[in-house]
> 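Dropping a structure here in structure tokens format, bear with me for questions.
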Amino acid sequence: MSRSSPRVGFVSLGCPKALVDSERILTQLKVEGYAIVPSYRDADAVVVNTCGFIDAAVQESLDAIGEALHENGKVIVTGCLGKRADLIREAYPDVLAISGPQDYASVMRAVHAALPPKHDPFLDLVPPTGIKLTPKHYAYLKISEGCNHRCSFCIIPSMRGDLVSRPVDAVLIEAEKLVAGGVRELLVISQDTSAYGVDLKYASREWRGRSWRTRMTELCAGLAELGVWTRLHYVYPYPHVDEVMPLMAAGRLLPYLDIPFQHASPRILKLMKRPGNIDKTLERIGRWRKAVPELTLRSTFIVGFPGETDAEFENLLDFLREARLDRVGAFAYSPVDGAKANDLPDPVPEELKEDRLEQFMAVQAEISAARLQRKIGRRLTVLVDRVDADGAVARSTADAPEIDGVVRIRDGRRLQPGTFAEVIVEGADAHDLEARCVAAD
Ligand code: SF4
């Protein structure tokens, strides 16, 4: 163990179940490089695993918390008495955190907040940011798992269950670590980013000495504090999406929304059992663009959904022409094993599906090309992804990695991947921009 490892004292009270909880927490502390020490004096913080079974056990636990606070000062409380947090807070308002039994994740979060783990490059096999499959300068930040919706073409809820959000402090601490490790762009992902925190009733958590709600807007405000690009994916057009517009307008959140609309016909959306209401969508898009003129909108659509009539497909094309989205992906509907939509009547013949997909993409290609043309002559900030003999390949705020276009910088051979540059746009096609470098990080 390195001598600079943070040191944790541990008081374990209660029954064998509590003992097993203590063993698990101690194991995790050791795995993460914390030293376990036997005295209050040697510890940087103390975890007290409490019991709340009978009055005498409650009193013993409260006394142990009091002693640890008196002898050490930094105390994290967990275990059965943690279920009665009010009682503990009333007696000892200064404890750092309180969690219930078997809540190892909350204990570790509290330990991380009180004593950030020290990374020793000679001893630790895993970097502080964990193992990443993305380039060093961008990272996906998963904020929840599962989904509360039941879209008829999707089997994700049956595979991953209902929405389970990560508490906001856990997400913000992970984001902080990623940024400290060199990440310049955070890509927020989930099945439904707008629903973030619903399952936790938007519980408040502490981060950087302030209280934050586990909710999309508050999460965005927290991520904005980190001073890097933050991009939102899989946002559903619920009313509270309007709340992030001021952050975008102030340049604190990337002016980019990835909203999978999937269709524009109210009847098809109903058959799809999609969340959100399409009726006022065009109006809302108009308002968003007014508030954030730089806003880039990306979406995905399904054409040829069972029962889609010619008129409904035309309805979709009309929506596309009016909404003038910047980036669009589309798929011809294909049944997924186990999806409810497989039982719907009137499947669209394969040939017709392909024909509609082609028409759809042709309409969108014109729109995308026109929107990119408007950028010619403008100065943009870009993040460099890679450099090769032909120059640099970068992305602007309008381009998510892998799914959107890129900005090619012919004279960018001397730029470094993972740095920002200023460019002037000189050309555009239906997907990508050509640009000249005018300043680098
Ligand atoms: S398509 Fe998305 S919103 Fe619908 S059920 Fe699947 S994961 Fe949830």
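Ligands are counted one by one from 1 in listed order, and the atoms in each one are counted from 1 as well.
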> Looking at Lys353 and Glu308, does any basic side-chain N land under 4.0 Å from a carboxylate oxygen?
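No.
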> Ring-plane angle category for His112 and Tyr34, please: parallel below 30°, perpendicular beyond 60°, tilted otherwise.
parallel
> Centroid-to-centroid, Phe153 to Tyr333, below 6.0 Å?
no
> Heavy-atom pairs closer than 4.0 Å: do any link ligand 1 to the side chain of Tyr236, the backbone, both, or neither?
side chain
> Any atoms of ligand 1 less than 4.0 Å from a non-hydrogen atom of Arg274? List them with their elements.
1 (S), 3 (S), 4 (Fe)
> Indicate, with yes or no, if the rings of Tyr202 and Tyr196 have centres closer together than 6.0 Å.
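They do not qualify: ring centres at least 6.0 Å apart.
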> Picking from Lys340, Arg274, Gln191, what satisfies side chain to side chain contact (heavy atoms under 4.5 Å, CB included) with Cys151?
Arg274
> Near atom 8 (Fe) of ligand 1, meaning under 2.8 Å, how many protein N/O/S atoms are there?
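Those protein atoms number 1 in total.
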> So, Thr214 and Ser165: side-chain donor and acceptor under 3.5 Å apart, yes or no?
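Result is no, nothing qualifies.
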> In chain order, what residues pass the side-chain contact (heavy atoms from CB on, under 4.5 Å) check against Ser158, with sequence neighbours excluded?
Ile155
